[in-house]
Amino acid sequence: MSVSRCLLVQAEVQAFIEHCMLAVGTRPSHARSLAEVLVEGDMRGHYSHGLNRLDLYVKEIRAGICAQEGEPLLEKESLATALVNGSNLLGPVVGNYCMSLAVKKAREAGIGWVVAHGSNHYGIAAYYSMQALKENMIGMSFTNTSPLVVPTRAKECTVGTNPISVAAPAKNGDSFVLDMATSAAALGKVELHHRNGISIPEGWGCDAEGRFSTDPKAVLSGGGLVPLGGSENTGGHKGYGLGLMVEVFCGMLSGSQYSKNIRTWRMTDRSADLGQCFVAINPENFAPGFNDRMADLLSMHRNLAPAESEMPVLAPGDPERKHIQTCRDMGGIPYHLKVVNHMNELASTLGVSPLLPTHRRIE
């Protein structure tokens, strides 16, 4: 069997990402924020939004369409709401600022609803919703994206993958963590399949004529992703509706770019000006016993008799917890060698050293 993966220690990946971002002039604290989000994405098994995305951030900083310096600016606020100008900074810098502000407002008012314009790609949405769990609060995070999804009955991409994340605390550190694109799959997953020479599952994307395709190249070159649910017959129109709902929270409320007005994915002709939404809700302002009921709800579903004995029923967040535990047991994060080699090539062009090691091979 050929070896196609290698193991990387979390601290190695964190330092590598920081060094690459510093090499293109990113402020150290901003580089650290980005690295933390990307490594967390990989730890949770969302490889499409981890190290695999590093070249995107490097490219945008080098092109001058994402700011190296500055801080988010608070433009308008009430007791429970705020509008933030992301100052065209790295998405994680904007996201951390906004989620912290939402939690602060939820402590005082029971809810904090913060939207931002002038932001950029911020990694996995759950990174921000989960910040509320530390305060025993419900967290929500949404972002619009470049138009990558073809609406039901259409051929043109006008909707983003527009993810939704909701995190809710239970007892003893347990939690519900939903993190999902409103497309059938994230674009990064299609890109990974293309990079690794693998066909994509039926129902992830379509070609330039709006026909379903399992060829990742056809989806990436003139085609597009399809909404969550796939075809109209299988509920794709509902995923399309959810994608537009996210746009209401992000683009409409914040005054950012939206829909097909957002620049084309990976183009560096102008800034993204993404809209993002961050919400924190304090359960203490509602019926008592929230954590107990959440624990019961999660247990109720985890204990359901599975349709297939080897595939237990899971709650949202369980697959990610399992992946984190696997990484801890292995002593690192397993990566596909092609991804590691690709990022090392990028780092070499930046003069970054040391490169990511590839000697810890995994079959």
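Reckoned from all heavy atoms, side chains included, excluding hydrogens, waters and symmetry mates. Owing to the predicted nature of the structure, the values given are computational and were not obtained by experimental measurement. Residues: numbered from 1 along the sequence shown.
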Taking side chain to side chain donor-acceptor pair (under 3.5 Å) as the definition, give me every residue that meets it alongside [X], ordered by chain and number, with sequence neighbours left out.
X: S175; result: R321
X: Q257; result: none
X: N172; result: none

For [X] and [Y], work out which heavy atoms get closest and say how close.
X: V150; Y: G224; answer: CG2-CA, 4.1 Å
X: S254; Y: G275; answer: OG-CA, 3.7 Å
X: P306; Y: S309; answer: CG-CA, 4.1 Å

Check whether any side-chain heavy atom of [X] lies under 4.5 Å from a side-chain heavy atom of [Y], and answer yes or no.
X: K238; Y: L228; value: no
X: V340; Y: C6; value: yes
X: R53; Y: E191; value: yes
X: M294; Y: N291; value: no
X: Y57; Y: I17; value: no

Any pair counted as side-chain hydrogen bond (donor to acceptor under 3.5 Å, both in side chains), so long as it reaches residues 22-31, sequence neighbours left out:
R27-E69, R27-E71, H30-E71

Scan for side-chain hydrogen bond (donor to acceptor under 3.5 Å, both in side chains) pairs involving residues 210-227, sequence neighbours excluded, and state none if there are none.
D207-R211

Can you pull the salt bridge (charged side-chain N to carboxylate O under 4.0 Å, His left out) pairs that have at least one residue in residues 163-172, sequence neighbours excluded?
K171-D292

Applying side chain to side chain contact (heavy atoms under 4.5 Å, CB included), name anything that partners P316, two or more places apart in sequence or on another chain.
F176, L178

So, using side chain to side chain contact (heavy atoms under 4.5 Å, CB included) as the criterion, who are the partners of A315 when residues are at least two apart?
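Applying side chain to side chain contact (heavy atoms under 4.5 Å, CB included) to A315 gives L298, R302, D318.
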
Under the 3.5 angstrom rule, does the side chain of [X] hit a backbone N or O of [Y] as a donor-acceptor pair?
X: S165; Y: S141; answer: no
X: E36; Y: Q14; answer: no
X: T234; Y: G229; answer: yes
X: S146; Y: R263; answer: yes
X: N88; Y: I65; answer: yes
X: N162; Y: T182; answer: no
X: N120; Y: L89; answer: yes
X: S183; Y: V149; answer: no
X: Y47; Y: L192; answer: no
X: N344; Y: L356; answer: yes

Tell me the ring-ring contact (aromatic ring centres under 6.0 Å, His included) pairs involving residues 229-253, sequence neighbours left out?
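Of all non-adjacent pairs touching residues 229-253, those that pass ring-ring contact (aromatic ring centres under 6.0 Å, His included) are W113-F249, F142-F249.
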
Which pairs count as ring-ring contact (aromatic ring centres under 6.0 Å, His included) when at least one residue sits in residues 254-276, sequence neighbours excluded?
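The answer is H121-W265.
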
Under a 3.5 Å threshold, yes or no: a donor from one side chain and an acceptor from the other, between D329 and Q325?
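Q325 and D329 do have a side-chain donor-acceptor pair below 3.5 Å.
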
Which residues, ordered by chain and number, are linked to L304 in its hydrophobic cluster, where ILVMFWY side chains connect at heavy-atom gaps below 4.5 Å, directly or through other members?
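Result for L304 is V313.
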
Per-pair distances, 0.1 Å, donor-acceptor, side chain in residues 100-107, under 3.5 Å, sequence neighbours excluded:
residue, atom, partner, partner atom, Å
K104, NZ, E108, OE2, 3.4
K105, NZ, E77, OE1, 2.8
K105, NZ, S78, O, 2.7

L242 with W204, same ILVMFWY side-chain cluster at under 4.5 Å:
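Hydrophobic grouping puts L242 apart from W204.
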
